[in-house]
Amino acid sequence: MTKGNTTKITDELYAYMLAQNPPLTAVQHGLIEKTWEKFPDAAGMQSAEEQGPLLAFLVGLTGARLVVEVGTFTGFSALSMAQALPADGKIIACDVSEEWTAYGREAWAEAGVADRIDLRIAPALDTLRSLPAEPHVDMAYIDADKTSQIDYWEELVPRMRPGGLIVTDNTLFHGEVVDESAPGTPAAVRAFNQHVRQDERMESVLLAISDGLTLSRKR
């Protein structure tokens with residue numbers, strides 16, 4: 001096996017990369033900072049800064065009008081996607097925490113996109129199963145508890161329109177997926193990756209973006 005790219009992402013190179021991407025809005029920056037201030041022990045669950053412009057880009061690329069997000073936390077990813085949606089677009093955002101998502105609600109309102117985000121506080125599987133069964137979802141973002149990812153996937157795939165896109169975060173899980181003896185979450189992510197790879201309904205690619213990002217398109 002030949003590894004084609006040996007570039008190491010230093011702090012300086014990471015800053016350079018961010019500077020080449022579309023800049024975050026003041027509201028996005030403020031939400032990132034507030035998340036680290038209010039939830040320092042959990043803030044690592046927030047999507048990486050470079051994923052905001054990428055998610056927005058994918059919304060535009062797919063022409064998405066309906067997005068489903070599984071795992072909202074404090075709302076950075078939902079904000080990033082909502083800003084890229086058309087005025088009549090909608091995100092169904094699934095989370096179980098009123099505390100975390102309260103900060104998202106404030107940011108969405110400040111950014112003028114609150115009307116595009118339908119936040120549903122309930123177990124995500126319940127929300128997904130309540131959606132119409134026919135293919136109608138343009139894009140989905142899975143970034144919640146890793147042990148349930150296969151279940152989320154199985155609820156979403158039949159509901160994706162042909163050409164629809166599922167984006168799944170943390171599919172390299174801090175590099176621990178290569179340890180076949182690792183139990184718990186690393187094992188769950190490994191199982192999910194294998195499940196995705198073998199699913200002939202979708203075509204997928206796993207990219208070394210942040211903690212691993214898998215893009216899957218409905219055939």
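In this chain, residues are counted from 1 in sequence order.
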Query raised in the report: Counting distance only, does the side-chain N/O of Arg219 pair as donor-acceptor with the main-chain N or O of Glu200 below 3.5 Å?
Result: yes

Heavy atoms of other groups near Tyr14 OH, more than 12 under 6.0 Å: yes

side-chain hydrogen bond (donor to acceptor under 3.5 Å, both in side chains) for Ser148 and Asp151? Distances and angles first, verdict last. CA-CA 5 Å; Ser148 299; Asp151 294 329; 4.7 Å; no

TODO: Mark yes or no for whether Asp95, through its side chain, and Ile121, through its backbone, hold a donor-acceptor pair below 3.5 Å.
DONE: no

Could you give me the CA-CA distance, side-chain angles and deciding distance for Leu79 and Val113, then say whether side chain to side chain contact (heavy atoms under 4.5 Å, CB included) is met?
CA-CA 8 Å; Leu79 172 60; Val113 296; 3.9 Å; yes

ILVMFWY cluster, Leu61 and Ile91 together (side-chain gap under 4.5 Å)
yes

Salt bridge (Lys or Arg N to Asp or Glu O under 4.0 Å) between Arg159 and Glu134, intermediate numbers included = CA-CA 5 Å; Arg159 293 173 167 84; Glu134 68 271 8; over 6 Å; no

Here the gap from Glu110 atom CD to Thr25 atom OG1, rounded to the nearest 0.5 Å, amounts to 8.5 Å

Short question: side chain of Asp143, backbone of Asp169 - any donor-acceptor pair under 3.5 Å? no

Would you say the side-chain atoms of Tyr152 and Thr168 include a donor-acceptor pair closer than 3.5 Å?
no

Here the pair of heavy atoms bringing Ala124 nearest to Cys94 is CB-CB, 4.0 Å

* So, Trp153 and Asp199: side-chain donor and acceptor under 3.5 Å apart, yes or no? -> yes

Under 3.5 Å donor-acceptor, Asp138 side chain and Leu66 backbone:
yes

**Beyond-backbone contact of Leu156 with Val70, side-chain heavy atoms, under 4.5 angstrom** = yes

In terms of heavy-atom contacts, Val177 and Pro186 come closest through CG1-O, 4.3 Å

Quick one: does Arg201's side chain get under 4.5 Å of Pro158's, heavy atoms only?
yes

**OP:** Go through the steps for Glu203 and Ser216 under the test side-chain hydrogen bond (donor to acceptor under 3.5 Å, both in side chains), then give the verdict.
**Re:** CA-CA 5 Å; Glu203 52 183 346; Ser216 306; over 6 Å; no

- Task: Examine distances only and state if a side-chain atom of Thr101 and a backbone atom of Gly104 form a donor-acceptor pair shorter than 3.5 Å.
- Result: no

**Message:** Taking the side chain as everything from C-beta on, heavy atoms only, tell me whether Val167 gets closer than 4.5 Å to Leu213.
**Reply:** yes

Discussion item. Are Leu58 and Val68 linked, directly or through intermediate hydrophobic residues, by side-chain heavy-atom contacts shorter than 4.5 Å (ILVMFWY only)?
Written reply: no

N-O pairing of Asp118 and Lys90 below 4.0 Å
no

- Is there a side-chain contact between Phe76 and Leu24 (heavy atoms, below 4.5 Å)? yes

_Distance alone, cut at 3.5 Å: any donor-acceptor contact between the side chains of Ser181 and Asp179?_
yes

Is the closest side-chain heavy-atom distance between Glu49 and His29 below 4.5 Å? yes

query: In this structure, are over 12 heavy atoms from other groups packed under 6.0 Å from Gln198 atom CD?
result: yes

d(Thr72 OG1, Arg105 CZ) to nearest 0.5 Å is 10.0 Å

Closest non-hydrogen atoms of Gln51 and Tyr141, given as atom of the first, atom of the second and distance, are NE2-OH, 3.5 Å

### Message
Is a donor from one side chain sitting under 3.5 angstrom from an acceptor on the other, for Glu69 and Ser77?
### Response
yes

Residues Thr214 and Thr171: side-chain donor-acceptor under 3.5 angstrom | yes

For Leu31 and Gly75 the tightest heavy-atom approach is CD2-C, 3.6 Å

For residues Ile142 and Leu128: do they belong to one hydrophobic cluster (side chain heavy atoms under 4.5 Å, members Ile, Leu, Val, Met, Phe, Trp, Tyr)?
yes

* To do: For the pair Asp41 and Lys38, find out whether any cationic side-chain nitrogen is under 4.0 Å from an anionic carboxylate oxygen.
  => no

I'd like to know whether Val137 forms a side chain to side chain contact (heavy atoms under 4.5 Å, CB included) with Arg161, so could you lay out the CA-CA distance, the side-chain angles of the two residues, the decisive distance to 0.1 Å, and finally the verdict. CA-CA 6 Å; Val137 178; Arg161 64 156 171 86; over 6 Å; no

Are Tyr103 and Phe39, when compared by the centres of their aromatic rings, separated by less than 6.0 Å?
yes

Check: Would you say Met202 and Val205 are hydrophobically clustered, going by side-chain heavy atoms of ILVMFWY under 4.5 Å?
Finding: no

Distance col, row Leu18:CG vs Gln20:CD, nearest 0.5 angstrom, shows 9.5 Å

- request: For Asn21 and Glu50, test the side chains for any donor-to-acceptor distance below 3.5 angstrom and give the result as yes or no.
  value: no

Scanning both residues in full, the closest heavy-atom pair of Leu85 with Arg116 reads O-NH1, 3.1 Å

Smallest heavy-atom separation, Ala48 atom then Ser210 atom, equals CB-OG, 3.3 Å

*asked:* Checking Thr74 against Thr35: is there a side-chain donor and acceptor pair closer than 3.5 Å?
replied: yes

- Message: With no hydrogens and no angle check, just 3.5 Å: does a side-chain donor-acceptor pair link Gln149 and His195?
- Response: no

Give a yes or no on this: more than 12 heavy atoms of other residues, nucleotides or ligands lie within 6.0 Å of atom NZ of Lys34. no

**Prompt:** What about Met17 and Ile209, same hydrophobic cluster or not, with Ile/Leu/Val/Met/Phe/Trp/Tyr joined at side-chain heavy-atom distances under 4.5 Å?
**Reply:** no

Residue pair Gln83, Gln28: steps toward the side chain to side chain contact (heavy atoms under 4.5 Å, CB included) verdict: CA-CA 10 Å; Gln83 291 177 153; Gln28 285 175 300; 3.5 Å; yes

From CA spacing to verdict: side chain to side chain contact (heavy atoms under 4.5 Å, CB included), Trp108, Leu119: CA-CA 11 Å; Trp108 304 336; Leu119 176 62; 4.2 Å; yes

